[in-house]
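All remarks here apply to the structure that follows.
Not measured: the values here are computed from a predicted model.
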Amino acid sequence: MEAAQAGGKPSRVRFAFAVAGVVAFAAWAHLGSGVPAFRAEVSSAPGWQAFRASYGIDKFGADGYFTRAVQNGYNLFHFTPVYGTRFTRKTERDAINSCAGCHTVETLAYGLVNSDRFDTTLGRRVSFEERVMRCYLGPLDGFVPTLYDPAVRDIRILARAVANHLQLGEGARKDGG
């Protein structure tokens, strides 16, 4: 009993087993579990591969933070009830249930390059992120995500990738004016 209290052999053995357990779990989680929650991958939604090829997403890297964020933004944009369930009350049964129900990725890109403009209705400047947050609240009949939530950030990154592909500069208008 004294040895355990004084940092003797039994406490060292317990510590070694605890460290071995943590290392074994981490190795299993990252290498052998197959559980998607332990992976940095984003699931591939229908149409992603065609979108990826059409908009040259691979020039940012076949796999990386930016590409995964664009993919998550694509998923949120086209399949909001599946990938953004915590922010929308709309379901797959509703006629308009996703961002793509009202917008195209091109209009999203034009919205990005024209963001942070004065809104006469609100009487102040409104950022792209705030407009996305308002869409979750209004047309999607949902809840407002925080400014830094992936549900807002990744839609911005999707818009940035499309704007890059379309070579849009700040203030570019779809009508060319």
Inset, instruction - Begin from the C-alpha positions of Leu76 and Tyr136 and carry the test side-chain contact (heavy atoms from CB on, under 4.5 Å) through to its verdict. - result: CA-CA 11 Å; Leu76 284 164; Tyr136 278 113; 4.1 Å; yes
Inset, instruction - Let me see the working for Leu158 and Leu108 under side-chain contact (heavy atoms from CB on, under 4.5 Å), right down to the final yes or no. - result: CA-CA 9 Å; Leu158 169 69; Leu108 188 71; 3.9 Å; yes
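One hydrophobic cluster holds both Tyr148 and Ile157 under the rule that ILVMFWY side chains link at heavy-atom gaps under 4.5 Å. Linking ILVMFWY side-chain heavy atoms closer than 4.5 Å, directly or via other members, places Val126 and Met133 in two distinct hydrophobic clusters.
Of the charged side-chain nitrogens involved, at least one lies within less than 4.0 Å of a carboxylate oxygen, so that Arg117 and Glu170 count as a salt-bridged pair.
In terms of the salt bridge (charged side-chain N to carboxylate O under 4.0 Å, His left out) criterion, residue partners of Arg131 (sequence neighbours excluded) are, by chain and number, Asp119.
The distance from atom OH of Tyr74 to atom CG of Asp154, rounded to the nearest 0.5 Å, is 15.0 Å. Rounded to the nearest 0.5 angstrom, Phe66 CZ and Asn164 CG are separated by 7.0 Å. Note: Glu130 CD to Asp116 CG = 10.0 Å, rounded to the nearest 0.5 Å. Going from atom CD of Glu106 over to atom OH of Tyr55 covers 3.0 Å, rounded to the nearest 0.5 Å. Considering CD1 of Ile155 and CG of Leu112, their distance stands at 12.0 Å, rounded to 0.5 Å. The distance from the OH atom of Tyr83 to the OG1 atom of Thr88 is 15.5 Å, given to the nearest 0.5 Å.
Of all heavy-atom pairs spanning Phe79 and Ala45, the tightest one is CE1-CB, 3.5 Å. Contact detail for Ser127 and Ser115: the closest heavy-atom pair is C-CB, 4.4 Å. Closest non-hydrogen pair, Ala163 versus Val113, comes out as CB-CG1, 4.1 Å. Of all heavy-atom pairs between Ala159 and Ala109, the closest is O-CB, 3.7 Å.
Within 6.0 Å of atom CZ in Phe118, more than 12 heavy atoms from other residues, nucleotides or ligands are found, so the atom counts as buried in its surroundings.
No option in Arg134, Arg156, Arg153 other than Arg156 meets the side-chain contact (heavy atoms from CB on, under 4.5 Å) test with Glu129.
Contact annotation: the side chain of Ile57 approaches that of Trp48 to within less than 4.5 Å [non-hydrogen atoms, C-beta and beyond]. For the pair Thr67/Val70, no side-chain contact is recorded, criterion being any heavy-atom separation below 4.5 Å from C-beta on.
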Just distance, no hydrogens or angles: give the donor-acceptor pairs under 3.5 Å from side chains in residues 137-147, sequence neighbours left out.
residue, atom, partner, partner atom, Å
Thr146, OG1, Asp149, N, 3.4

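Using cut-offs of 30° and 60° for the angle between ring planes, the His103 and Phe77 rings count as tilted. Ring geometry for Phe51 against His78 counts as perpendicular: the plane angle is over 60°, on a 0 to 90° scale with 30° as the lower cut.
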